[in-house]
Amino acid sequence: MEQPLEQPIKQPQPSWRDQPLYQALLLGGACAIVSLLLVLGNLGTQQSIADHQIADKLAMLAQVLPQSYYDNDPLSDTAQLSSPALDGPATLMLARRNGEITALALQLSIAGWGGIIDMILATTPEGELLGVRIISHKETPGLADKIERPKSDWITGFDGKSLANTSEQQWAVQKDGGRFDQFTGATITPRAVVKGVHQGLLLLNQWRQQQPAS
């Protein structure tokens with residue numbers, strides 16, 4: 001009996017969906033759609049984010065400088081000041097009422113024990129401190145965080161101080177012969193804050209001396 005001839009196995013033809021070009025176009029299209037959605041989302045929230053940032057800055061400023069001091073926008077009336085003793089440039093914000101400078105606010109950063117301490121201070125035009133507040137820090141919780149106003153009134157000890165009524169030697173913690181108290185077991189943090197405030201006052205004094213006489 002004659003045996004049937006063996007038929008060759010027919011290989012399936014690759015679909016166009018399996019082509020590398022199609023896969024690349026599909027991936028590229030998906031990435032483009034996701035990117036477009038991210039851009040649209042960013043544009044849609046940009047103004048809201050900017051408004052919140054301004055509100056946060058005004059709230060921060062209000063901690064040391066009541067709004068009754070100014071009728072301008074201190075956040076846009078600024079200058080950059082620098083000192084090698086500070087961790088980066090400091091931002092000077094000018095408070096004006098009827099065009100006259102009524103107060104100066106300075107945001108600066110200085111190295112502490114656990115990292116950078118960000119703070120803001122405000123003074124009268126003559127250089128007397130209206131207030132000092134810590135914006136952020138990484139100091140030891142429970143020990144060095146007394147620099148925060150909600151946890152201690154230590155930071156209010158700067159109120160009323162100036163370069164005129166506090167000598168160079170007095171701008172230090174008591175352990176170093178100065179007039180500012182230190183925390184038990186956490187001298188480095190208050191020492192850094194005192195240094196930051198002192199450097200801020202020196203910067204503001206230098207800025208005032210560079211202004212043209214009215």
Side-chain angles (χ1 to χ4, degrees), residues 49-112 115-139 147-149 154-168 170-173 178-180 189-214:
I49 293 174
D51 291 342
H52 278 89
Q53 288 176 336
I54 291 174
D56 289 345
K57 288 182 178 179
L58 286 174
M60 175 189 68
L61 184 64
Q63 294 187 46
V64 293
L65 186 62
Q67 193 171 355
S68 57
Y69 272 83
Y70 57 89
D71 56 13
N72 68 323
D73 178 12
L75 299 184
S76 60
D77 198 350
T78 63
Q80 295 295 308
L81 308 180
S82 60
S83 165
L86 300 179
D87 192 82
T91 300
L92 168 65
M93 291 165 274
L94 298 174
R96 302 177 192 267
R97 178 165 284 282
N98 298 323
E100 297 293 328
I101 294 178
T102 55
L104 310 173
L106 190 68
Q107 182 179 346
L108 59 88
S109 301
I110 195 162
I116 299 303
I117 300 174
D118 295 313
M119 68 175 75
I120 186 171
L121 58 88
T123 74
T124 65
E126 294 75 27
E128 183 176 299
L129 278 164
L130 296 171
V132 180
R133 292 292 184 275
I134 302 301
I135 300 171
S136 63
H137 69 86
K138 298 178 181 178
E139 305 303 280
I147 56 177
E148 299 176 27
R149 181 63 185 90
W154 179 83
I155 199 75
T156 63
F158 293 104
D159 295 359
K161 303 294 189 302
S162 69
L163 296 178
N165 62 23
T166 304
S167 68
E168 182 80 16
Q170 288 177 315
W171 283 103
V173 296
R179 67 180 301 177
F180 298 95
T189 299
R191 183 184 286 156
V193 175
V194 172
K195 179 181 177 181
V197 175
H198 186 213
Q199 289 300 319
L201 291 178
L202 291 173
L203 266 180
L204 293 177
N205 189 50
Q206 184 181 41
W207 178 85
R208 275 192 296 271
Q209 292 176 355
Q210 294 172 346
Q211 301 311 298
S214 57

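Reckoned from all heavy atoms, side chains included, excluding hydrogens, waters and symmetry mates.
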_Close side-chain approach of Leu92 and Gln107, heavy atoms under 4.5 Å_ = no
*Arg149 vs Ile134, side chain to side chain contact (heavy atoms under 4.5 Å, CB included): CA-CA, chis, key distance, verdict*: CA-CA 8 Å; Arg149 181 63 185 90; Ile134 302 301; over 6 Å; no
*Consider only side-chain N and O atoms of Thr91 and Gln80, and report whether a donor and an acceptor are under 3.5 Å apart.*
yes
*Which atom of Ala105 lies closest to which atom of Leu61, heavy atoms considered*: CB-CD1, 3.5 Å
*Could you walk me through whether Met93 and Asp77 pass the side chain to side chain contact (heavy atoms under 4.5 Å, CB included) check?*
CA-CA 6 Å; Met93 291 165 274; Asp77 198 350; over 6 Å; no
*Evaluate the side-chain proximity of Arg179 to Lys161: yes if any heavy-atom separation is below 4.5 Å, no if none is.*
yes
*asked:* Could you check whether any side-chain N or O of Asn72 sits under 3.5 Å from a backbone N or O of Asn98, counting only pairs where one atom can act as donor and the other as acceptor?
replied: no
*Does a sphere of radius 6.0 Å around NZ in Lys195 hold more than 12 heavy atoms from other residues, nucleotides or ligands, not counting ones at 6.0 Å or beyond?*
no
*Could you tell me which non-hydrogen atom of Ala103 sits nearest to which non-hydrogen atom of Leu65, and how far apart they are?*
CB-CD1, 3.4 Å
*asked:* To the closest 0.5 Å, what do you measure between CD (Gln206) and CZ (Arg208)?
replied: 11.0 Å
*Backbone N/O of Ser167 and side chain of Gln170: donor-acceptor pair under 3.5 Å*: yes
_So Thr78 and Leu94, do their side chains get closer than 4.5 Å, heavy atoms only?_
no
_Can you tell me how far apart CG (Leu203) and NE2 (His198) are? Round to the nearest 0.5 Å._
10.5 Å
*Classify the side-chain pair Thr156/Asp159 by whether it contains a donor and acceptor separated by less than 3.5 Å.*
no
*From Gln63 atom CD to Ile155 atom CD1, the distance as rounded to the nearest 0.5 Å*: 10.5 Å
*For the residue pair Trp154 and Phe180, is the inter-centroid distance of their aromatic rings smaller than 6.0 Å?*
no
_Residue Glu100 excluded, over 12 heavy atoms near CD under 6.0 Å_ = no
*Looking at CE of Met60 and CG of Asp56, how far apart are the two atoms once the value is rounded to the nearest 0.5 Å?*
9.0 Å
*Is there side-chain contact between Leu129 and Val197, with heavy atoms separated by less than 4.5 Å?*
yes
*Exercise: identify the closest heavy-atom pair between Ile116 and Ser109*: CG2-CB, 3.6 Å
*Could you tell me whether the side chain of Trp171 and the main chain of Thr166 form a donor-acceptor pair under 3.5 Å?*
yes
*Does the side chain of Thr189 come under 3.5 Å of the side chain of Glu139 through a donor N or O and an acceptor N or O?*
yes
*Looking only at heavy atoms, which two atoms of Ala111 and Ala192 are closest? And how far apart?*
O-CB, 3.4 Å
*N-O pairing of Asp71 and Arg96 below 4.0 Å*: no
*Side-chain heavy-atom pair Leu104, Trp207 within 4.5 angstrom cut-off*: yes
*asked:* I'd like to check Leu130 versus Val64 (side-chain heavy atoms, cut-off strictly below 4.5 Å). Are they in contact?
replied: no
*Does Ser76 reach the main-chain N or O of Asp73 with its side chain, forming a donor-acceptor pair under 3.5 Å?*
yes
_Leu204 CG to Ser162 OG distance, which is reported to the nearest 0.5 Å_ = 12.0 Å
*Where is the tightest heavy-atom contact between Thr102 and Arg97, given as atom of each residue plus distance?*
CG2-CB, 3.6 Å
*Side-chain contact test, heavy atoms from C-beta onward, threshold under 4.5 Å: evaluate it for Thr123 versus Glu128 and give yes or no.*
no
_Give me the atom names and distance for the closest heavy-atom approach of Ile117 to Gly112._
CD1-CA, 3.8 Å
*Reference residue Leu81; test side chain to side chain contact (heavy atoms under 4.5 Å, CB included); the match among Leu108, Leu86, Leu106, Leu202*: Leu106
*How about His137 and Glu148: do any of their side-chain heavy atoms sit closer than 4.5 Å?*
yes
